[in-house]
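Written out below as structure tokens is the structure these notes cover.
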Amino acid sequence: MDNTIVRDLFLAFVRVHILHHAAKEPIFGLEMIDELRRHGYAMSPGTLYPIFHALENTGLLSAEQKVVNGKMRKYYQATSKGRRMLLEAKKKIGELVVEVLED
Ligand SMILES: [Zn+2]
């Protein structure tokens, strides 16, 4: 079985999760790792951070450094482009869910 296809599929779900949360409030890496674990995705920082960076480079997320308890933390928030993308994804997810979960 081709594991890269399975991995790509779940990584797409992870990207949608990130966009969804980053559209609600600024999020940071470790917090998102916990959130994804709650949903059954075991992500290491080494896997998650490149996804954040890719979303930032594509202009879907913007990043801001903040000092929290003496530590530098990078917060990500959805840009207007990211929000538009999320809206589009939501429509497609809605259709997909109706069809896939129908039977
Ligand atoms: Zn979530």
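Small disclaimer: the values here were computed from a predicted structure and weren't measured. In each ligand, atom 1 is the first atom listed, and ligand 1 is the first ligand listed.
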Closest contact, heavy atoms only, [X] versus [Y]:
X: Thr79; Y: Leu61; answer: CG2-C, 3.6 Å
X: Pro26; Y: Glu31; answer: O-OE1, 4.2 Å
X: Glu56; Y: Ala63; answer: OE2-CB, 3.5 Å

* **Verify same cluster id: Val100, Val97 (apolar side-chain graph, 4.5 Å)** =>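 Val100 and Val97: one cluster.
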* Transitively linked via ILVMFWY side-chain contacts under 4.5 Å: Leu96 with Leu87? -> no
* Do His21 and Glu25 have a side chain donor and acceptor closer than 3.5 Å? ->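 Checked: His21/Glu25 side chains show no N/O donor-acceptor pair below 3.5 Å.
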* How many protein N, O or S atoms are found at a distance of less than 2.8 Å from the Zn ion (ligand 1)? -> 4
